[in-house]
Amino acid sequence: MDAESIRLNNENLWAWLVRLLSKNPEWLSAKLRSFLPTMDLDCSYEPSNPEVIHRQLNRLFAQGMATWKSFINDLCFELDVPLDMEIPLVSIWGPRDEFSKQLGAGEESCPGPQLYHGAKRPFQSYGSSPRRKNSKKQQLELAKKYLKLLKTSAQQWHGGVCPGAWLTPHSPQTYIPPVLQWSRATAPLDAQEGATLGDPEAADNIDVSIQDLFSFKAHKGPRVTVLLGKAGMGKTTLAYRLRWRWAQGQLDRFQALFLFEFRQLNMITQLPTLPQLLFDLYLMPESEPDAVFQYLKENAQEVLLIFDGLDEALHADSVGTDNAGSALTLFSELCHGNLLPGCWVMTTSRPGKLPSCVPTEAATVHMWGFDGLRVEKYVTCFFSDLLSQELALKEMRTNARLRGMCAIPALCTVTCFCLRRLLPGSSPGQSAALLPTITQLYLQMVETFSPSETLLDTSILGFGKVALRGLDTGKVVFSVEDISPQLMSFGAVHSLLTSFCIHTRPGHEEIGYAFVHLSLQEFFAALYLMASHTVDKDTLVEYVTLNSHWVLRTKGRLGLSDHLPAFLAGLASHTCHMFLCQLAQQDRAWVGSRQAAVIQVLRKLASRKLTGPKMIELYHCVAETQDLELARFTAQSLPSRLSFHNFPLTHADLAALANILEHRDDPIHLDFDGCPLEPHCPEALVGCGQVENLSFKSRKCGDAFAEALCRSLPTMGSLKTLGLTGSRITAQGISHLIQTLPLCSQLEEVSLHDNQLKDPEVLSLVELLPSLPKLQKLDLSRNSFSRSILLSLVKVAITCPTVRKLQVRELDLIFYLSPVTETATQQSGASDVQGKDSLKEGQSRSLQLRLQKCQLRIRDAEALVELFQKSPQLEEVNLSGNHLEDDGCRLVAEAASQLHIAQKLDLSDNGLSQTGVTYVLKAMSTCGTLEDLHISLLNNTVVLTFAQEPREQEGSCKGRAPLISFVSPVTSELSQRSRRIRLTHCGFLAKHTETLCEALRASCQTHNLDHLDLSDNSLGGKGVILLTELLPGLGPLKSLNLSRNGLSMDAVFSLVQCLSSLQWVFHLDVSLESDCIFLRGAGTSRDALEPKFQTGVQVLELSQRYTSRSFCLQECQLEPTSLTFLCATLEKSPGPLEVQLSCKSLSDDSLKILLQCLPQLPQLSLLQLRHTVLSSRSPFLLADIFNLCPRVRKVTLRSLCHAVLHFDSNEEQEGVCCGFPGCSLSQEHMETLCCALSKCNALSQLDLTDNLLGDIGLRCLLECLPQLPISGWLDLSHNNISQEGILYLLETLPSYPNIQEVSVSLSSEQIFRMCFSKKEGAGTSLRLCECSFSPEQVSKLASSLSQAQQLTELWLTKCHLDLPQLTMLLNLVNRPTGLLGLRYLPALGRRVG
């Protein structure tokens, strides 16, 4: 039927249509440009002329019924059409579906280029009609009817066409699934963990793997899936794809599917209920919505709700949009199961901080776009003819930059549109010049969308103004008021806008407009910023910022301008200069200054320290500028180590990084820690020769990632360290690494820590060690290897000449290697003589084997010993933490003499018992290199330390033999290698003593035992007494430690007898309270270490110390009977002997007993009482010692708690010293003290400092002084003696003719010393310092000076005498005979003689 027939059949309706359009000519013109962009619209005539409108309607009708129905839909929606006219229009020419495309197209790709066309229908809100009760059968029938209506509505919306990317009549309708990757702990039930979803080789319309999005193991509660992907990855396309598949019956697990877009939900003005959301804002049942909703609640596990664009809701909420909270609130209730519990919820979002409304147990899936295979698949489907396919694929394969951009599905679509326009008339490879950046790709796209190849500059700027205003206000959906009809027509003609129906509230609908993709809105905004004269340069540079989208930030805010800075940087390229000049209608200088401002901002950003996400954004911007100088500056500004943490990275991101590194001279380290990585992104690093250290640590890295990495590794010539840790690499990925690693001979360290490698993969990697000559470390820890391959690993370590250490501990498996040097390589191919030298080097290779906590048993020990015997020199063998037990430890210990271990054999934590200790001791009898054996059963320690070979040791001993033999024949053995056995915390009791000594004797048959440590056992007094009887059978030891064995005083006395019974015992140290007991030989310290000998005169002093014996008894209470028995025991000890006693207190009776026993110890050379509190009578008892024991040469008692007595072998007293400093002696003690000291024949020194004498005590002492046979110094300092005491001394000075010198200082030093000579009449010198005298005291001083005829010299230093006082003193001094020398030194003057 033609238009004229339609007009005749519906004449009234047609006439009314012409009259309506005559009142709206501008609207009609815009629509005609949209539907008839290439036709002449009779613009020369008046647009409101009915004849013109009639002809235009005829032309529009001639385009086909689909076009005409779309036109009628727009007319009913957008113009004020009375209901009595709308009903016949819709019934005759309206669409069949009432719900037609309610939710519109997706942000990313789904909408077509034409504007959306819907239809009104009468609205009846949910809950507005009375509810009726229905039977189960009626409810089921109503639900089935609604579900059928829901599926039919979805089928009609899609029109039977599979949703693709930016569908146009010329775009492919085949859906190419993107790369999907699971995150967190969720995994599909029927797919391998970490596997990518979607098979590009699958048949058209079949991508079964997408069903895995709803097959993960969900815990109790809501089933929530979050699909994360950067802009342009195809999130919205996938959402609509799922609805299309459900409408086609391919997702049969769901009875109902609802698809919402947050950009539309943000427009809701009031919070709806869930039934209102499902029915009023989506699709209303024909009847009884209550019954339908009840059915959905009862079958919620078969209901899927998809919410697209969660990030847009977050952005709307962050900028304060009133409507955002309502949409998020409803979404949160669904996610947490408060509404429709048991339903499936899926949402899409750009990467960023997920809101709290998303449960932590939600399944997270990353969308990575296209890999190389998917790009070629898409290009093949896009171009219908074979020639175009071949040309396009050739361009893709030869242009790496273009191929990298196509990894983003949205850019892949744009690229194909541009190639369709460029390929027919261009030479091969021209795309590299025409499409080098994303910005220029969009420029080509804008021209591609224009059939006439011309764009109005004013329309572009107007479009850009709308786009920028939307970005500034956070708006992606525009209303009719936001866009003028001219711009709306411009967007419709060039397929830049899409329209859709928006439900702002139940019963209210309006038309919304949006850019076909958010990046297109950003691109037009960038054009406006660069070309509009209303935007100054200061405003322009404010938009050149770097976004930081952390995944796990405390405060994350998602913006809409992801690509705006990159587009601004791209427009700053020199290739866009002419285009901007034409667009802005400005000269080259004006455009150049704006481009230079953008470049300058990027240069400043490149010089700052940025976070990882901002660095990636910067590299994208620098690449878009095509400015080589800026790229070089950015590359040189990079630190030596770049670390990226916890944010997603795509192939494009790494390509931008590699582009910057191409301009860098110095090597760099790249560290990716916790970053979700696109599986094929390592391909971007091909040929990146500046990377020296490359490390990936992420659970998102699987086999596909490893395969892509292997394509890059051989091309990275400077790479030394490779880390691929914490990933999910299995046998499939390792097979690629095994083929690739031999091609990377420069590698020095490889870490495959914490993967999923099993035994075959681990062995395959280990077998590569000989093919990596420079490798220093191979880390295979925390993989799934078993104990069965342990022997194979040891065999590789022994046979591979570069391995120097193998460390296996539970899940740790590390090989350390010594790289083959160039010199060694040359020697291996030289003459026979050089070959022998190389052989010697191989034999001198030392190997460390640490096999800890590997569950080894005795049968494994037998196999290991057999392997060890074939190995080169073993530096260390560590078998701790296994299950060898007694027999296994004995087996290894017996083989130790044949293994030639250089340093240590560790058998700790192997279940060794007390019986096993004796096994190990006996096994050591044949091991000549054993230096130390340490066994502690409590600490599970069994360590054998070895020394050098005896021949090597003898050479080093000969160099020290002369020195030791010069010191003493006893200590000459110190230069030899010492053997130490430490058996601590072994629980030995007294009953074990004989068995233990028997085992010790067996271990010492061929080699002497030097140091024995039996501390921290339970021998007790009985066991120690028995041990002292058995000690002679162990040979001459150098030390014995019996600490913490619960000893008594009886056991101590038995040990004291060892000083006389055992020739090697020179020192016995006992601390009863702390239970420390040491027996040591000559020249051995308490830690049983050899002393460091000195040279020269000190050697003789050392020889005397090491040849004398000592006994130290501390922290004990000594009673008279104990002291008597102790002294009687010490009488048998050879000398010289030093005794040190320390107890809390010592009574006078005990002190008397001790002093009375001293004459019976002629070998005693030193007696010390340290930290022992003595009574106030102890000074008098000690003063009488010179009478009891003439060998005493010096007695010192300090503070009544430290006493020292020195003895001499000669009993003739040539001069003794006595001192009682700090003993609280006062005037009443002087007579008793002097009486005791008067029995001494010759007293050369008496020290009474720091006591309480005062002036009175001094007077008492001076009165008793004639009784003392003193001929040296008498020190009375610090006794609070004043000027009166000095005057009294001067008065009595004539009575002491043998006083040679008196030195007194009343300053803070408080010096008061008198020196006595053996001869009388030698003259006396008096030195007074800081002694201030009053006038009366000056007179007394002069009188005393006049009487002291032996006084020959007087020193007055700082005595504060002024000139009159000094004159009076001189006048009063009357010296009948003799001379008196006076030296006066004032406080601030010079000496006066």
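Only heavy atoms go into these numbers, but all of them, side chains included; no hydrogens, no water, no symmetry mates. In this text the structure is predicted, and so the values were computed from the model without any measurement.
A salt bridge does not link D812 with R782: every distance from a Lys NZ or Arg NE/NH1/NH2 to an Asp or Glu carboxylate oxygen is 4.0 Å or more. Of the charged side-chain nitrogens involved, at least one lies within less than 4.0 Å of a carboxylate oxygen, so that R1080 and D1069 count as a salt-bridged pair.
Here CG of L1068 is found 8.0 Å from CD1 of I1077. Values are rounded to the nearest 0.5 Å. The distance from atom OG of S1074 to atom CZ of R1044, rounded to the nearest 0.5 Å, is 8.0 Å. The CG atom of L1040 lies 12.0 Å from the CD1 atom of I981; values are rounded to the nearest 0.5 Å. Here the straight-line distance linking atom CG of D860 with atom CG of L884 works out to 8.0 Å at 0.5 Å rounding. The distance from the CZ atom of F1078 to the CG atom of D1013 is 7.5 Å, given to the nearest 0.5 Å.
Partner of S880 under the side-chain hydrogen bond (donor to acceptor under 3.5 Å, both in side chains) criterion, chosen from Q852, R809, R850: Q852.
Between L921 and A999, the shortest heavy-atom contact is CD1-CB, 3.9 Å. The two residues A797 and L849 make their nearest non-hydrogen contact at CB-CD2, 4.2 Å. When all heavy atoms of S1108 and F1066 are compared, the pair lying nearest together is O-CD2, 3.6 Å. Between F785 and E810, the shortest heavy-atom distance links the atoms CZ-O, 3.9 Å. When every heavy atom of L1072 is checked against every heavy atom of M1049, the shortest pair comes out as CD1-SD, 3.1 Å. Closest approach of A1051 and I1025 over heavy atoms only: CA-CG1, 4.2 Å.
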Step-by-step side chain to side chain donor-acceptor pair (under 3.5 Å) determination, Q903 to E875 = CA-CA 5 Å; Q903 290 186 6; E875 182 178 346; 3.1 Å; yes
Taking it one step at a time, do H1171 and S1142 satisfy side chain to side chain donor-acceptor pair (under 3.5 Å)?
-> CA-CA 6 Å; H1171 306 289; S1142 176; 5.9 Å; no
Take Q1057 and T1028 through the side chain to side chain donor-acceptor pair (under 3.5 Å) test and state the conclusion after the steps.
-> CA-CA 9 Å; Q1057 296 176 2; T1028 56; over 6 Å; no
Walk me through it: do L864 and L856 pass the test side-chain contact (heavy atoms from CB on, under 4.5 Å)?
-> CA-CA 10 Å; L864 286 174; L856 298 176; 3.6 Å; yes
Please assess S1043 against D1075 for the test side chain to side chain donor-acceptor pair (under 3.5 Å), listing each intermediate value before the final yes or no.
-> CA-CA 5 Å; S1043 301; D1075 202 2; over 6 Å; no
Checking side-chain contact (heavy atoms from CB on, under 4.5 Å) for the pair L1012/N1041: CA distance, chi angles, key distance, verdict?
-> CA-CA 6 Å; L1012 178 60; N1041 187 355; over 6 Å; no
Check against side-chain contact (heavy atoms from CB on, under 4.5 Å), N1045 and D1016 | CA-CA 6 Å; N1045 268 284; D1016 295 291; over 6 Å; no
Between R979 and L930, is a side-chain contact (heavy atoms from CB on, under 4.5 Å) present by the stated rule, with each step listed?
-> CA-CA 7 Å; R979 171 174 288 193; L930 179 67; 3.6 Å; yes
Expected list for residues 984-991: side-chain donor-acceptor pairs under 3.5 angstrom, two or more places apart:
residue	atom	partner	partner atom	Å
T984	OG1	H934	NE2	3.4

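Remark: the D759 side chain and the S786 side chain contain an N/O donor-acceptor pair separated by less than 3.5 Å. For the residue pair S913 and D886, a side-chain donor N or O sits within less than 3.5 Å of a side-chain acceptor on the partner.
The number of heavy-atom neighbours closer than 6.0 Å to CD of Q1117, taken from other residues, nucleotides and ligands shown, is above 12. Atom CD of E862 has more than 12 neighbouring heavy atoms from other residues, nucleotides or ligands inside a 6.0 Å radius.
Under a 3.5 Å cut-off, the side chain of S1071 and the backbone N or O of E1115 do not form any donor-acceptor pair. Put simply, the side chain of N783 gets close to the backbone of L780: a donor and an acceptor are under 3.5 Å apart. A donor-acceptor contact shorter than 3.5 Å links the side chain of D779 to the backbone of S781. Using a distance-only test at 3.5 Å, with no hydrogens or angles considered, a donor-acceptor pair links the side chain of N882 to the main chain of C854.
Residues satisfying the side chain to side chain donor-acceptor pair (under 3.5 Å) criterion with R890, sequence neighbours excluded, are D887.
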